[in-house]
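Before we start, here is the structure in question, set down as structure tokens.
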Amino acid sequence: MEDNNENFAQSSAETENTNDNYRESDAFNDKGYYDSYDYMKDAENVDTKYEPCTAARVLLVLMAIFLNVLGAVIGIIVGAVYMGKSAQGYKSYGKMLLIISIVFLVLDLLFWISLASFAGQLFSMFMFY
């Protein structure tokens, strides 16, 4: 019985110590505001010799998605160029950009083909009546 009380005391002391460590490393500062991650400082630390900068990554993905066929074609070209570089950061990003661009190119082409088909059917319907 006495041995169980000692084990309980040790485990509760370890729990309190863990909780104190958690409070020290908590993501909230003294004022209760959340300390967000500093993306600007992280962007300054990117070595563009080994990987593309964050702004270029975001811009190229958004361009591949929102500029329809033209953006997807540009994304495929840039992705292929990045995959040809020797740095691993460029290769992995180029592969991801290439996949995203091909997927959105296929989706865009399917959309335009279905739109043309629908317009053709609509036009032919009015021609016969």
Side-chain angles (χ1 to χ4, degrees):
M1 181 74 169
E2 191 174 304
D3 193 31
N4 286 339
N5 289 338
E6 288 177 12
N7 287 339
F8 179 73
Q10 276 183 335
S11 66
S12 64
E14 289 174 4
T15 306
E16 288 174 10
N17 191 13
T18 305
N19 288 340
D20 290 340
N21 289 339
Y22 176 73
R23 287 186 193 116
E24 290 173 8
S25 65
D26 200 1
F28 291 93
N29 61 14
D30 295 337
K31 297 177 184 175
Y33 297 111
Y34 183 71
D35 286 337
S36 63
Y37 184 74
D38 191 4
Y39 290 99
M40 296 303 289
K41 184 178 268 189
D42 186 46
E44 292 171 358
N45 294 333
V46 172
D47 187 8
T48 56
K49 184 177 180 181
Y50 300 108
E51 63 182 315
C53 67
T54 307
R57 289 180 185 186
V58 171
L59 181 67
L60 286 169
V61 169
L62 290 177
M63 184 176 56
I65 293 171
F66 291 116
L67 287 183
N68 295 334
V69 176
L70 179 65
V73 169
I74 292 172
I76 289 171
I77 293 169
V78 172
V81 169
Y82 278 1
M83 284 181 64
K85 292 194 177 229
S86 62
Q88 187 61 31
Y90 278 104
K91 283 183 184 267
S92 65
Y93 178 71
K95 183 179 179 182
M96 187 219 34
L97 183 63
L98 190 64
I99 291 170
I100 288 173
S101 298
I102 289 173
V103 166
F104 277 94
L105 179 65
V106 169
L107 290 175
D108 287 338
L109 289 176
L110 288 175
F111 170 75
W112 287 110
I113 289 171
S114 64
L115 184 67
S117 173
F118 176 72
Q121 285 181 344
L122 191 64
F123 182 71
S124 66
M125 184 174 70
F126 286 125
M127 290 298 291
F128 290 114
Y129 290 111

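Along the sequence shown, residues carry numbers from 1.
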At what distance, to the nearest 0.5 angstrom, does CZ of F111 lie from CZ of F104? 13.5 Å
CG on L105 to CG on L70, rounded to 0.5 Å: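 So the gap between those two atoms works out to 11.0 Å.
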Does V78 share a hydrophobic cluster with L62, counting links as ILVMFWY side-chain heavy atoms below 4.5 Å and allowing steps through other members?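 Yes, it is one cluster - the side chains of V78 and L62 are joined through contacts under 4.5 Å.
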Output the distance between atom CE (M63) and atom CD1 (I74), rounded to the nearest 0.5 Å. 5.0 Å
Out of V103, N68, I65, L67, which residue meets the side-chain contact (heavy atoms from CB on, under 4.5 Å) rule with D108?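 So the option named by the test is N68.
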Residue pair G79 / L97: nearest heavy atoms and the distance that separates them: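 In terms of heavy atoms, the two residues are closest at N-CD2, 3.8 Å.
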Non-hydrogen atoms of K85 and K91 that approach each other most closely: O-CE, 3.0 Å
Could you state whether V58 and F66 fall into the same hydrophobic cluster, counting links through intermediate Ile, Leu, Val, Met, Phe, Trp or Tyr residues with side-chain heavy atoms under 4.5 angstrom apart? yes
Please say yes or no: joined through hydrophobic side-chain contacts below 4.5 Å, possibly via intermediate residues, are L109 and I102 part of one cluster?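 Looking at the clustering, I102 is in the same group as L109.
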Is there a path from V73 to M83 through hydrophobic residues (I, L, V, M, F, W, Y) whose side chains come within less than 4.5 Å of each other?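 Yes, because V73 and M83 connect within a single hydrophobic cluster, where side-chain heavy atoms sit under 4.5 Å apart.
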In terms of ring plane angle, is the pair Y82 and Y93 parallel, tilted or perpendicular, where the classes change at 30° and 60°? tilted
Under 3.5 Å donor-acceptor, S124 side chain and Q121 backbone: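 Indeed, once roles are kept as given, a pair shorter than 3.5 Å links the two residues.
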So, the side chain of S114 versus the backbone of L110: is there a donor-acceptor pair under 3.5 Å, distance only? yes
Minimum heavy-atom distance between S101 and A64, given as atom pair plus value: OG-CB, 3.6 Å
Is L60 linked to Y90 within one hydrophobic cluster, defined over Ile, Leu, Val, Met, Phe, Trp and Tyr using a side-chain heavy-atom separation of less than 4.5 Å? yes
